[in-house]
Amino acid sequence: MTLLVQYTLIFASVLILVALGGCFAEHSGVINLGLEGTMLVGAMGGALTMRYLTDKLPTFALILLVILISMAAGALYCSLLAVASINLKADQTIVGTALNMLGIAGVTVVVKAINTAANPDDVSSVINYGAAREKFLVKLGDFEFSWFMLVTLILLVAAYVILYKTRFGLRMMACGEHPQAAASVGINVFKMRWAGVLISGAYGGLGGIVFIMAGASEWRFEYGVAGFGFLSLAVMIFGQWKPQRIALAGLLFGLFRALSNVYSSFDFLAKMDIPSPVYNMLPYIISLIVLAFTSKSSQAPKAEGIPYDKGMR
Amino acid sequence: MKKILKNDGVQSLLASLICILLGLLIGYVVLLFIEPSGAGEAIKAVIKNFLTYNKKESQLKYLGNTLVKAAPLVMCSLSILFSYKVGLFNIGAAGQYCIGIACSLYCALALKLPWWVCTLVAVLGGALAGSISGLLKAYCNVNEVISGIMLNWIILYGTNMLLTNVKEATSPYTKEVARTSAASLLPTLGLGKFFNNNKYVGVSVIAAVVIAVIVWVVLEKTRFGYELRATGGNKNAAKYAGMAEKRNIIVTLAISGALAGLGAAMLYLTSYEQWNCSTSSVPGMGFNGIAAAFLGGLNPIGAILSSFFIQHITAGGAYVDKKIYCAQISDLISSIIIYLCGFVFFMKLMMNKRIAKQEERAQKALAKKAAEGGKEQ
């Protein structure tokens, strides 16, 4: 049972972080389909930091640095989306899809190159961070508390405050609803959208490092992040683009994902003898059903996905 | 010269060539960063692919392999461009391709059905997956990109589950079609002997080209295609003009899915590849189809050329020096090319702007000349 709670919380952290990332981009008016790739790039940034600096830094500094570098890597990567979709008015769906493929191919090439340079016989895309992973965990009895859970909570509250209680957030949301109207009262739509996409990348990148450290002490980067970026988009839609609801949706989806890891330790579930792929499918099936019922009255930002054109005023 | 440049097709071709050149250039720069000394050789290997071999026989044989894998890619890119012309982004093509694999391999390996039945079931499977997205879009307003992505993963896990029944006992791969059920193999039509007895080359290569032409005719030359494109242009206008816009959305995604499903049968029923039953990500063929569709300028005939090119460099990645570089360098190049394809609209805009500016200047010069001429008289 403790294991289920632990997995639920850590997977929920990933989903909430990445879904909030998607939420920031969409509130500013840009659809970020490239979250899957963003997660992977952020994860690589964090994993490389741990590979080189684990022994050289005190625990607190290491944790802080891993978080910051993952966020920076994600934000930097998303600037590719920002340039294309905001400044050059490219089709956001194509660019997002390209970023997912570029993420997995680019990260594999980089990690393999680093591994091969360090040891000519090593042609794998694995980074090991087992020693550093321990530092992120605090044992409370059977329960392994991860500092990432706390960070997620802080960033969740921060997202709520930024979006609804600050001038910056409200202005950004105006750019996602009606950019022409926002521009007419003197808001720089391009800047606001850039900000939305960069914050999105930072949240997504952090989500990536949390994901790969959730249950493993090393990661094979050519495997990607197993669709978590896409699942987070479902969490975001299920949460109707509102941080507090995204948190609940994230917990629910996290629970289903955790079940696929630990269902065999529950007698009644083990007895039902459902093959494990079914548990993997469940979150996606549920989100499809939920989407079918909720999409008619969608709260999506009105102007998302449409490049801002000054001449349309 | 200017007239040629104004032509939309020529602009598309130019934009695609720019994308390819930039993609290769960035790939080369990445190789330089990893290890400068072998970068030239490596990028040559990627571009040459089967031409790396000196003997003509080997070249032909590996050209055959590239063709065998390009055929399903053509189908996937047709799937993407067919729906894109109707205003739908069928990212679910990857899943529809995957369900095609599941159907064709299960029919072949477990039920040992003849090849045309296996192919038909794969087509129906793909169409079913596509029409689910279509139904959700038409009646529940679910964005087809989101439902497609969800279906991709559901189908991937389902495929793993189904095909575990027909896998080898000792490996995660499915049994070979050639050994288990020879009747399920696609006919080769004796084409193999043109490719140094490559036993995989067959009807699929010809079928891909024929279907591309059919898709072009349907989209551009029939009333049905016109209705579909009109629905894509403006759903409400199509509705008021008396077209069944809901039906059109569903039919489009079903056809799109059928094309992707057929692509899977074309590859897996040649026995060229086996499915790994512990695959953890959706097969890339569907996503590469997006690259091929946009690189081909969203034209079915362009899709044939671009699919061959993308498959060509993907296969070429296998020939780089593995001690220094890795084969994924080709994936990197093709993903950069798709990223750049997002700018095609922008590039065309710039080209048209330049042409317009030059014309304006020419006209002004003419007007000035005329005015000066007037004074003299």
Side-chain angles (χ1 to χ4, degrees), chain A residues 31 33 37 80 84-85 87-110 112-114 116-117 120 123 125 222-227 230-231 233-234 237 275-281 283-285 287-288 291-298 300, chain B residues 27 30-31 33-35 89 91 132 135-137 139-143 145-147 149-161 164 280-282 284 287-288 290-291 294 322-347 349:
Chain A
I31 297 177
L33 266 188
L80 286 175
S85 61
N87 300 90
L88 301 181
K89 300 181 175 42
D91 183 320
Q92 300 174 5
T93 318
I94 305 171
V95 174
T97 312
L99 285 189
N100 287 334
M101 299 172 66
L102 186 61
I104 197 160
V107 164
T108 309
V109 168
V110 170
K112 279 192 174 178
I114 290 174
T116 315
V123 289
S125 62
E222 59 192 279
Y223 286 172
V225 290
F230 293 131
L231 200 54
L233 282 179
I237 298 172
S276 73
V278 174
Y279 288 98
N280 284 327
M281 275 186 217
Y284 298 104
I285 295 177
S287 41
L288 262 191
L291 288 176
F293 284 105
T294 56
S295 293
K296 276 251 154 114
S297 59
S298 166
Chain B
V30 172
L31 288 172
F33 262 104
I34 297 174
E35 171 63 54
F89 192 81
I91 202 172
I132 294 175
L135 280 167
L136 285 170
K137 168 90 179 179
Y139 290 101
C140 305
N141 195 27
V142 179
N143 188 316
V145 174
I146 302 292
S147 67
I149 289 168
M150 299 296 141
L151 282 169
N152 283 350
W153 290 91
I154 296 172
I155 291 169
L156 171 73
Y157 292 120
T159 303
N160 278 344
M161 216 157 71
T164 305
S280 63
S281 57
V282 183
F287 297 117
N288 282 336
I290 301 176
F294 285 96
K322 298 274 174 34
K323 279 188 204 114
I324 318 171
Y325 308 109
C326 64
Q328 275 85 356
I329 192 74
S330 344
D331 295 345
L332 184 77
I333 294 172
S334 41
S335 53
I336 293 169
I337 291 175
I338 314 184
Y339 177 74
L340 296 171
C341 280
F343 300 155
V344 166
F345 173 71
F346 180 76
M347 288 185 205
L349 202 73

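Note that the coordinates shown come from a computational prediction; the quantities given were computed from them, not determined experimentally. Sequence lines set the chain letters: A, B, ... in the order given, protein chains first and strands last, and positions in each chain run from 1.
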Engineer: Using 0.5 Å steps for rounding, measure from the CE atom of B/Met150 to the CG atom of A/Leu233.
Structural biologist: 7.0 Å
Engineer: Do B/Tyr325 and A/Thr116 come within less than 4.5 Å of each other through their side chains, counting heavy atoms only?
Structural biologist: no
Engineer: Are the side chains of A/Thr97 and B/Ile338 in touch, meaning some heavy atoms are under 4.5 Å apart?
Structural biologist: no
Engineer: Check whether B/Leu136 gets within reach of chain A through its side chain, its backbone, both or neither, counting any heavy atom under 4.5 Å.
Structural biologist: side chain
Engineer: Specify whether A/Tyr284 and B/Trp153 have parallel, tilted or perpendicular ring planes, treating 30° as the upper limit for parallel and 60° as the lower limit for perpendicular.
Structural biologist: parallel
Engineer: Rounded at 0.5 Å granularity, tell me how far OG1 in A/Thr93 sits from CG in B/Asn143.
Structural biologist: 7.5 Å
Engineer: Checking heavy atoms, do the side chain of B/Phe89, its backbone, both or neither come under 4.5 Å from chain A?
Structural biologist: side chain
Engineer: Is B/Val30 in contact with chain A via its backbone, its side chain, both, or neither, using a 4.5 Å heavy-atom distance?
Structural biologist: side chain
Engineer: Side chains of B/Met161 and A/Val278: does their closest heavy-atom pair fall under 4.5 Å?
Structural biologist: yes
Engineer: Could you list the donor-acceptor pairs under 3.5 angstrom formed by side chains in residues 100-107 of chain A, with sequence neighbours left out?
Structural biologist:
unit_1	atom_1	unit_2	atom_2	d
A/Asn100	OD1	A/Glu36	N	3.4
A/Asn100	OD1	A/Gly37	N	2.9
A/Asn100	ND2	A/Leu33	O	3.0

Engineer: Given that the side chain runs from C-beta out, which part of B/Phe294 has a heavy atom under 4.5 Å from chain A: side chain, backbone, both or neither?
Structural biologist: side chain
Engineer: Measuring only between side-chain heavy atoms, which start at C-beta, is A/Leu291 closer than 4.5 Å to B/Cys140?
Structural biologist: no
Engineer: Which one of B/Val145, B/Leu332, B/Asp331 has the most heavy-atom pairs closer than 4.5 Å to chain A?
Structural biologist: B/Leu332
Engineer: Would you mind checking which part of A/Val109 comes under 4.5 Å of any heavy atom in chain B, side chain (CB onward), backbone (N, CA, C, O), both or neither?
Structural biologist: both
Engineer: Please identify, among A/Leu288, A/Val95, A/Thr108, the residue contributing the most non-hydrogen atom pairs under 4.5 Å to chain B.
Structural biologist: A/Leu288
Engineer: Against chain A, label B/Ile149 side chain, backbone, both or neither, depending on which of its atoms sit under 4.5 Å from a heavy atom there.
Structural biologist: side chain
Engineer: With a 4.5 angstrom heavy-atom cut-off, could you sort out which part of B/Ile91 is near chain A: side chain, backbone, both or neither?
Structural biologist: side chain
Engineer: For A/Glu222, which atoms come within 4.5 Å of any heavy atom of chain B: side chain, backbone, both, or neither?
Structural biologist: side chain
Engineer: With rounding to the nearest 0.5 Å, note down the distance linking CD1 in B/Ile146 to CD1 in A/Ile31.
Structural biologist: 7.5 Å
Engineer: Heavy-atom cut-off 4.5 Å, strictly under: side chain, backbone, both or neither for B/Asn288 against chain A?
Structural biologist: both
